[in-house]
Amino acid sequence: MNKVDVKEIDKRWQDFWSKNKKSFKNSKKKEKFYCLEMFPYPSGKIHMGHVRNYTIGDVLARYKSMNGFDVLHPMGWDSFGMPAENAARENKLSPKDWTKKNIATMKRQLQSLGLSIDWDLEISTCDEEYYKHQQELFIDFYNKGLVSRKETYVNWDPVDETVLANEQVINGRGWRSNAIVERKKLSQWFFNISKFSNELLEDLEGLKEWPEKVKLMQKNWIGKSIGCEIDFVIEGNEKKLKIFTTRPDTIFGATFLAVSVDHPLCKNLEKKESFIEFKKKSSQVGTTEEAIANAEKIGFDTGLKARHPFIKNKKIPIFVANFILMDYGTGAIFGCPAHDQRDFDFAKKYKLEIIPVVNSEKKLESNKMKEAYTGSGKMTNSEFLNNLNVEAAKEKIIEKIEAKKIGNKKTSFRLKDWGISRQRYWGCPIPMIYLKDGSVVPVEKSELPITLPENVDLNSKGNPLENHPTWKKTKHKKTGQSATRETDTLDTFVDSSWYFIRFCSPKLKDRPFDEKALSYWMPVDQYIGGIEHAILHLLYSRFFMRAIKLNDKKIKIKEPFKGLFTQGMVCHETYKNQNGDWVSPEEIKKIDKSKLIIGAPEAMSKSKKNVIDPQSMINIYGADAIRWFMLSDSPPDRDIQWSNEGVAAANKFVQRVWLLNSKILERKEKESSKDEKNFLIKINKYLFKITNLIEKFQLNVAIASIYEAIRFLEESLEKNIKNQCFLNTQIKIITALMPFMPHLSCECLLRLEGKDFYSKIKWPSIENSLLIEEEVTIVIQVNGKKRGLILMKKDTNEDEVIRESRKIQNIEKNLKDKKIVKNIFVKNKIINFITT
RNA sequence: GCCCUCGUGGUGAAAUGGUAGACACAAAGGACUUAAAAUCCUUGCCCGCAAGGGAGUGCCAGUUCGAGUCUGGCCGAGGGCACCA
């Protein structure tokens, strides 16, 4: 009978919150807390992943707010990107209209979750008001030398007809289209992120509140290696060939040089038919990274020889090899087959010399080696390096190389500059123009924004801006000469690399950000999002923060995200019918169960048809139950598995709390007694636990404690506790429930406290005096095995505990006929009798 | 191949070196009901009517009075990187 209508309370409190917005004031007395969840791409409607992400953030934002923090909790839209173009083609809606429509839907959906988001701060990256400032930042970066234009091979996606960044190529395929990526040479815009390689690497250490896993992934991505560059002189033409190595110590084992197919040295070979054929063959090795890695090592003998810099009269052949990368190091190496597996394979194939220069425990013999030895050991066959260990040899040889002026110690990074050009329409136009004399200059800031034209043809292939009849025609403002606009747009990762900064002053018209607002709110105290952004988005954002700092001396912040949390995915069982087709959870009801193949739970995805629509679940169970379930089953950083029973249980709990609340309101007055003290102690302990668990982000355990607290209250209804005491206690527990179930919590508090409860909401305080327990349970062990429990006054001494525990029959039974050698006693915890 | 993380009931999971399985789901049994729904109670495994006992946190060792937790080795699963010289 006494049930709460979840739909009704959802609506009531969402309306209430939008009318009773907390004033957004910069109160100096409070400590700020910037809580940010990764903003969504407006694909159409929200999915469970969003629900999980934003619920985690909301619990934290509400908790911090209730604890007196000045909380910034904004939301926006990562609204440029290809799906809008694809949808435009299919639905005859312009990318702009399609995006706007999606944003409206998704905003409504997010609001139906009851998130404490300040919607006054909403931004959308496809708005002129946003990308205008992005163009300004681009020009600033350009002027600071952080932007460059390079002719490079790019990853060309033949389906999307666009260029992909290396990181957007997954196993040789486009991350969105899944098409096999081709190599193509194009002139592209780059952010010179590699200028910050070392800084980006070293500053990872200062990010104490980031998951180690993410830091490690970034570290590997940046890929620092310390080595040495060495010039080899080519016999005959006396030209120098610069190589990079991390093992200069093995130089006496060098038996060949190898350069990349794209190395300048190959220029002379381009006409040779045998070389053209070799080049063709070397580009034909499969497409996946794994195939490339495992591809056969092939080489082309240039016929050239280089002089060994340390061995007189020794000449070694120069090869072109398919496993040498042009964009790492110098695009050239020396091969030491004895101590590098790739070189070893190569040497075996081309019958090159193998000279061991590092001895393992057994002495290496070149003709008996089956694989390269890459371990440590003492140097041999290496003249002045002999008998040194690898590390010492490295140092000594670098000294020698530098003294001889044939090379230098050198650090190389795997991290490459960030290609930001995209041949797409739905992105931020790059504010550069091409003059007739061939020069490329930025547009004047006063001309910003460079807006996208609305009447574009998206049906032809290629770049729509390039194909537009008039858009690219413009004039150079300074000289008046006619010019052409850059028709590439920016990678959407650029849009998301500074949105968190824009949130600090989202309405500012003339500049990207207000320095004061930025300095107050940044860095983001807690950033929450998916692990899939562990490398790119976070690295690019870290670059942007540094670039902005470089450009504006008033900015002191380097790291944009102080705390990072990566939440797990939402999974669901997968189903297939007998034909092997995926079947959705709704469809399985209609299928004969014996013909259904139930697969492992996997991340919800449209392709596997295992998606549950959040909106329909909210409509059935209410926002609170969905929020609760998203957090209750697993730790927030682990995957959770969606189950209908789980949500139903959360909904049951909503009703249980409501019933308890009603019972308390109708409760008959009782006498105060000893029960009351114990009652308060226990509740205080629960609150202490819940508080700590939220602080530690163990939200699933915090929820378990709330379950326990509610059960304890239910069980205490009949005890001798004054109504007022019970009511106050209920207020505390229901307040602690608020971050998780804000609608139910408000509804209950309204009944408990009356109309103006909302202004009084504060996280319940913990009374330290009540945390001191009067009685403790002590474990009694015999030889480390539990044989009993005993309840004792706190801080009872050893003798007393021993005396009392020996009164227990079962303990005596276990000690009978045995001699006690010693006792292990830990106060308030354990007594352990050790016998012979 | 290299690097990282994780292995606890039928399931998701708890557990500052000190009562393993909190909390929740499922299943089975029971209570209430004419019946069902809803609700509530009981139940990890083996022996036992019970009291109690035995085994038990992937496997094998070690440290410790005491190990899910610490150390070493092995096995398995997942993730990241991948010809980076």
Side-chain angles (χ1 to χ4, degrees), chain A residues 1 3 171 211-221 223-225 227-228 243-248 250 258 260 285 288-297 321-325 327-336 339-343 345-346 374 412-416 531 534-535 571 601 628-629 632-635 638-650 652-653 655-656 659 689 693 698 700-708 711 777-789 809-810 813-814 821-826 828-835:
Chain A
M1 284 301 282
K3 281 207 164 183
N171 291 331
E212 287 303 320
K213 190 184 169 184
V214 174
K215 286 196 274 188
L216 192 69
M217 279 162 77
Q218 293 221 348
K219 190 182 160 203
N220 292 339
W221 190 261
K224 180 178 182 171
S225 46
C228 171
I243 63 94
F244 174 74
T245 181
T246 54
R247 293 293 304 272
T250 63
S260 163
V285 285
T288 65
E289 299 280 7
E290 201 185 347
I292 292 165
N294 298 330
E296 192 188 5
K297 285 158 187 55
N322 65 337
F323 63 95
I324 307 300
L325 304 170
D327 52 6
Y328 183 77
T330 60
I333 60 141
F334 75 70
C336 176
H339 304 290
D340 182 288
Q341 192 55 41
R342 290 157 305 180
D343 299 348
D345 296 343
F346 192 80
T374 54
S412 278
F413 292 92
R414 213 188 68 107
L415 180 68
K416 286 156 202 139
I531 187 79
I535 300 172
C571 299
W628 186 258
F629 175 65
S632 64
D633 258 27
S634 297
R638 233 186 276 179
D639 290 353
I640 60 156
Q641 202 188 326
W642 177 271
S643 82
N644 291 332
E645 293 78 13
V647 205
K652 246 193 262 178
F653 182 69
Q655 297 302 342
R656 230 177 97 192
L659 187 68
K689 219 170 142 188
L693 288 164
Q698 288 183 277
N700 57 324
V701 195
I703 280 177
S705 303
I706 294 176
Y707 268 114
E708 286 183 71
R711 170 172 300 175
T777 306
I778 290 170
V779 182
I780 310 162
Q781 294 185 342
V782 178
N783 294 322
K785 272 195 188 284
K786 184 184 101 181
R787 296 297 173 193
L789 297 172
Q809 206 184 3
N810 195 39
K813 198 179 91 190
N814 275 285
V821 185
K822 63 171 172 174
N823 306 313
I824 308 287
F825 177 71
V826 181
N828 299 326
K829 269 200 179 135
I830 196 162
I831 175 75
N832 188 2
F833 299 100
I834 312 299
T835 68

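Per chain, numbering begins at 1; letters A, B, ... match sequence-line order.
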If we take the [atom1] atom in both [N] and [M], what is their distance in whole Å?
{"N": "A55(B)", "M": "A38(B)", "atom1": "P", "answer": "42 Å"}
{"N": "G68(B)", "M": "C49(B)", "atom1": "P", "answer": "30 Å"}
{"N": "G78(B)", "M": "C46(B)", "atom1": "C1'", "answer": "34 Å"}
{"N": "U39(B)", "M": "U11(B)", "atom1": "P", "answer": "25 Å"}

Which residues satisfy the side chain to side chain contact (heavy atoms under 4.5 Å, CB included) test with [X], sequence neighbours excluded?
{"X": "Thr777(A)", "result": "Leu789(A), Leu791(A)"}
{"X": "Ile830(A)", "result": "Val779(A), Gln781(A), Val826(A)"}
{"X": "Ile824(A)", "result": "Lys822(A), Asn832(A), Ile834(A)"}

Solution key, residues 640-648 of chain A side-chain donor-acceptor pairs under 3.5 Å, sequence neighbours excluded:
from: Trp642(A); atom 1: NE1; to: Asn644(A); atom 2: OD1; distance (Å): 3.1
from: Ser643(A); atom 1: OG; to: Gly646(A); atom 2: N; distance (Å): 2.9

Quick one: label [X] by what it contacts on the DNA or RNA (base, sugar-phosphate, nothing), any heavy atom closer than 4.0 Å.
{"X": "Ser632(A)", "result": "nothing"}
{"X": "Ile640(A)", "result": "nothing"}
{"X": "Leu325(A)", "result": "base"}
{"X": "Lys215(A)", "result": "nothing"}

Interface polar pairs with nucleotides 20-22 of chain B, N/O, under 3.5 angstrom:
from: A22(B); atom 1: O2'; to: Glu708(A); atom 2: OE2; distance (Å): 3.4

Between [N] atom [atom2] and [X] atom [atom1], what is the distance in whole Å?
{"X": "Phe825(A)", "N": "G18(B)", "atom1": "CZ", "atom2": "C1'", "value": "13 Å"}
{"X": "Asp639(A)", "N": "A77(B)", "atom1": "CG", "atom2": "C1'", "value": "13 Å"}
{"X": "Asn810(A)", "N": "G52(B)", "atom1": "CG", "atom2": "P", "value": "6 Å"}
{"X": "Lys297(A)", "N": "A82(B)", "atom1": "NZ", "atom2": "C1'", "value": "12 Å"}
{"X": "Phe629(A)", "N": "C23(B)", "atom1": "CZ", "atom2": "P", "value": "19 Å"}

Taking 4.0 Å as the cut-off, does a side-chain nitrogen or oxygen of [X] come that near to OP1 or OP2 on [N]?
{"X": "Ser634(A)", "N": "A13(B)", "value": "yes"}
{"X": "Arg638(A)", "N": "C6(B)", "value": "no"}
{"X": "Gln655(A)", "N": "A38(B)", "value": "no"}

*Asn220(A): what forms a side-chain hydrogen bond (donor to acceptor under 3.5 Å, both in side chains) with it, not counting sequence neighbours?*
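Partners of Asn220(A) by the side-chain hydrogen bond (donor to acceptor under 3.5 Å, both in side chains) criterion come out as none, since no residue qualifies.
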
*Residues in side-chain hydrogen bond (donor to acceptor under 3.5 Å, both in side chains) contact with Asp340(A), at least two apart in sequence or another chain*: Arg342(A)

*Select from Phe323(A) and Ala649(A) the residue whose nearest nucleotide in RNA chain B is closer to the 5' end of that strand.*
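Per heavy-atom nearest nucleotide, the more 5' residue is Ala649(A).
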
*What nucleotide, of C25(B), A13(B), A85(B), holds the atom closest to the side chain of Ile333(A)?*
A85(B)

*Which atoms form the tightest heavy-atom contact between Asn823(A) and Ile831(A), and what is the distance?*
CB-CD1, 4.0 Å

Contact list (N/O, under 3.5 angstrom) for nucleotides 54-56 of chain B vs protein:
from: G54(B); atom 1: OP1; to: Arg787(A); atom 2: NH2; distance (Å): 3.3
from: G54(B); atom 1: OP2; to: Arg787(A); atom 2: NH1; distance (Å): 3.1
from: A55(B); atom 1: OP2; to: Lys785(A); atom 2: NZ; distance (Å): 3.4

*Measure distances between side-chain N and O atoms of Asn832(A) and base N and O atoms of C65(B), and say whether any donor-acceptor pair falls under 3.5 Å.*
yes

*Sequence neighbours excluded, which residues qualify as ring-ring contact (aromatic ring centres under 6.0 Å, His included) partners of Phe653(A)?*
Trp628(A), Tyr707(A)

